[in-house]
Amino acid sequence: MEVTEAGEHVWVVLHLYRPGIPMCTLLNHLLSLLSQKFPETKFLKAIANSCIPNYPDRHLPTIFVYKNAQIHGNFIGEALCGGKNLKKEELEWMLASVGAVKTDLEENPRKATVDMMTSLIRNCCIQYPDCSDSDTSKSDNDGD
């Protein structure tokens, strides 16, 4: 009822969790902080098995995002929920990407990390050209 009767045009973020799972504890904390920043969005949490009997722990944490009782987004499992090093701004960006919050962030906070990794890989291949895929495929065919 908390989801289906939330009100017209009200975004609802539901976190399914289980006590004792560190990622669930982290998400509960971050969602609590975001609920203060975005009071127009309804933030809920529920122990997974109390909502969905026999919900597998491997799917935890799970975040479902609803509006008008319709699901608009989901993040299932640790990796899709942002991982163990998730920051509040990254979670805010994730929720904004499905429309649940109106963020003032101008770009994905993880973009800098992705850009740095891409740059490091590119520089490595420039410095060490022997690591290219063409050399690997050539050596695989030498025995033919």
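For the single chain, residues carry numbers from 1 onward in sequence order.
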- Identified side chain to side chain contact (heavy atoms under 4.5 Å, CB included) partner of L91 from the options M94, K87, K88: M94

- Minimum-distance pair of heavy atoms, taken over all atoms of W11 and H72: CZ3-CB, 3.7 Å

- Item | Nearest heavy atoms of M23 and E78, plus distance in Å | CG-CG, 3.8 Å

- Message: Hydrophobic clustering (ILVMFWY, side-chain heavy atoms < 4.5 Å, transitive) - are F38 and W93 grouped together?
- Response: no

- Query: With the 4.5 Å side-chain cut-off for hydrophobic clustering, are F75 and L34 part of the same group?
  - Reply: yes

- Task: Return yes if some donor-acceptor pair links the side-chain N/O of N74 with the main-chain N/O of F64 below 3.5 Å, else return no.
- Result: no

- Task: Mind jotting down which residue pairs meet the salt bridge (Lys or Arg N to Asp or Glu O under 4.0 Å) criterion with at least one end in residues 14-24? Sequence neighbours excluded, please.
- Result: R18-D57

- Query: Can you name the nearest heavy-atom pair linking L105 to P109, along with the distance?
  - Reply: CD1-CG, 4.1 Å

- Note on the structure: Note: G77 and T62 closest approach over all heavy atoms is N-OG1, 4.4 Å

- So, the side chain of N68 versus the backbone of Q70: is there a donor-acceptor pair under 3.5 Å, distance only? no

- For Y17, the ring pair (Phe, Tyr, Trp, His ring centres under 6.0 Å) test, sequence neighbours excluded, returns H15

- Message: Could you report the tightest heavy-atom contact between P61 and C81, atom names first, then the distance?
- Response: O-SG, 3.4 Å

- Message: Is it true that, when you exclude H59 itself, more than 12 heavy atoms of the residues, nucleotides or ligands shown sit nearer than 6.0 Å to its NE2?
- Response: yes

- Item | Pairs meeting criterion salt bridge (Lys or Arg N to Asp or Glu O under 4.0 Å) with involvement of residues 34-50, two or more places apart | E2-K42, K37-E92, K37-D104

- Linking I/L/V/M/F/W/Y whenever their side-chain heavy atoms sit closer than 4.5 Å, directly or via other members, would I47 and L14 fall into one cluster? no

- Given the rule that I, L, V, M, F, W and Y join up when any side-chain heavy atoms are under 4.5 Å apart, are L16 and I21 in one cluster? yes

- Message: Any heavy-atom pair between the side chains of V12 and L44 that's under 4.5 Å?
- Response: yes

- Correct closest heavy-atom pair for A100 and T41 would be O-OG1, 2.7 Å

- Residue pair F43 / L95, side-chain heavy-atom distance below 4.5 Å: yes

- Among L31, V101, V98, the one residue meeting side chain to side chain contact (heavy atoms under 4.5 Å, CB included) with V13: L31

- Message: Can you tell me how far apart CG (L27) and CG (L60) are? Round to the nearest 0.5 Å.
- Response: 10.5 Å

- Query: Rounded to the nearest 0.5 Å, how far does CG of N54 lie from CG of N49?
  - Reply: 6.5 Å

